[in-house]
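Below is one structure, written out as structure tokens, with a few remarks after it.
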Amino acid sequence: MTEAEPDAPTPEPPADEERELEALLGLSQRNRRKLERLHEILTTPGHYGTGATPATVVYRENKLRLLRLLDESGAPRNGPPVLFVPAPVSRYFIMDLLPGRSFAGHVAAAGFDVYLADFGTPTREDRFADLEYYVNGLVRRCVRTVATLAGEESINIVGYCLGGTLSLLYTALYPETVRRLVLLTTTVDGDVEGGIPWVAHRMGLAGEDYDNPRLVPAAEVKSWFEMLAPGSNSLAGRVSDLWDRLEDSPDRLREVRTMASWVDDVVPAPGRLLAELYRKFGPGVNGLMAGTAKVGDSALDFSAVKIPVLSVSAEKDTIAPPAGVDAITRIVPQAEVLRLPGGHVGIVAGRSAAALWKRTVEFLGSGNTREA
Amino acid sequence: MADEKPNSDPPLVERWLAEQQQWQRTLRTYLDSMVKSDDFLTHIGNAMRGSLLAGKPYPTTPAPSAAAPESPADDKLDQILFALRQLEGQVQDLRLSVEEIRSGKKPRAKRPEPGAPKDSQ
């Protein structure tokens, strides 16, 4: 509306009805624009569901693919080798989310020869996969492949969430093959209340049958995560969140969509693996802290882990509460503990993730003599 | 679908009529996309669940057969398939050992064999 000139006669104020109609018109326009923005976001291309950095597959086994990141010319880098191990219950590309927002890409750009494990999507027969299959099988063969390609005896490992657990167990079994270990939001103290093990416990993981496992549906795994995310654990809450977001800029919404395409793309989980994790490391048993944990028939000896270890927790992590992560120093005393502001995903791939990326490159860089 | 906002406001009734026409255009755009693209149907279905997940439907509980076998024969077949997966891993270990020997490296000692299927399988 234009302002009235000072000398002009003051216009008659609109009647109540007219004011209401004006307000309703504004509301209608606002909601329509949101729907138009939603249509625009849903129909324009974006980066979803794959890694952001050019890569080549250097190893395949079952559903696993081991990716080696390439430089701008399409060649592998010569720097010290680093293997990223994400959680097998979510998609790998959180480590390589977007151009300019890629943890693995950042480490690669610093000159490291970066490999990324994609565990793929398990199918029904994979419900029999256990810790032994993952640690002594898939992770070990990834490490062997990386070491062979890089011509090195030992490599660096960065494990995220449950991928960090697998990496830690692997390192305890094969310490001579790991040069430096970075654990991101990796729970070691299962007795610390909260987080995914406790929610899964309350939602029925205790009843998961080790001997006759099922493939735990993605929707069920997702429901555990949703229980930990206030505001998004109901359909109405999620729809309301999305509706509110539709006033953001299209660029921001495209970023949100990339992240949502990771958060909501949970994969089914092997029931035997979950049952074993729960029985060995879960609340009340806490085998990692108690020193009773085994992988297959092999007892885990954390005193054998003499290498530098960096363990990173997130202040607002509801999936892996920081106290349960920072407890690493009770089993690996030399571990450096770093607690960053942010949540479980935000510290790895959020807008403030640069702090983690920088520290990781510093940590991996010291002690890795091979130049890029 | 840009807004057509005039510089000086026309009467309220005209603006309401224009708004109504804009809504018709918006809804027609949605209908067109729904008819032309299965992907759009998936994405709008996800949005109605509050998700911007792209490329696939929002996870829902699958048919029971996708999670657990329907018959003992299916169960046995799954066990055999998984045992083959484990064998695949052992073959890869052998291949890696050969590569290590070729490259002059000492083959890695392996901790307990992951291979054999468990009794319960």
Between Val135(A), Thr43(A), Val239(A), the one whose heavy-atom pairs under 4.5 Å with chain B are most numerous: Val239(A)

Interchain contact, Asp39(B) with chain A, by part (heavy-atom threshold 4.5 Å): neither

Any Glu36(A) side-chain heavy atom under 4.5 Å of Thr29(B) side chain: no

Heavy-atom pairs under 4.5 Å with chain B, option from Asn62(A), Thr258(A), Leu242(A) with the top count: Asn62(A)

Arg30(A) atom CZ, over 12 foreign heavy atoms within 6.0 Å: no

Side-chain donor-acceptor contact under 3.5 Å, Thr148(A) with Glu99(B): no

Set of side-chain hydrogen bond (donor to acceptor under 3.5 Å, both in side chains) partners for Glu276(A), sequence neighbours left out: Lys280(A)

OG1 on Thr145(A) to CG on Leu96(B), rounded to 0.5 Å: 4.5 Å

Proximity breakdown for Ile44(B) and chain A, heavy-atom pairs closer than 4.5 Å: both

When Asn31(A), Val267(A), Val266(A), Leu38(A) are compared by non-hydrogen pairs under 4.5 Å with chain B, the top option: Leu38(A)

Flag if over 12 foreign heavy atoms under 6.0 Å of CZ, Arg60(A): no

Residue, of Leu77(B), Asn46(B), Ile80(B), Asp74(B), that accumulates the most heavy atom pairs under 4.5 Å with chain A: Asp74(B)

Any donor-acceptor N/O pair, Arg85(B) side chain to Asp126(A) backbone, under 3.5 Å: no

Met34(B), CE atom: more than 12 neighbouring heavy atoms under 6.0 Å: yes

Closest non-hydrogen atom pair between Pro59(B) and Lys222(A), with its separation: CG-CD, 3.9 Å

Main-chain N/O of Leu12(B) paired with Glu22(A) side-chain donor or acceptor, under 3.5 Å: no

Engaged part of Ser51(B) at the chain A interface, taking heavy atoms whose separation is under 4.5 Å: both

Whether Tyr30(B) side chain and Leu35(A) backbone form a donor-acceptor pair below 3.5 Å: yes

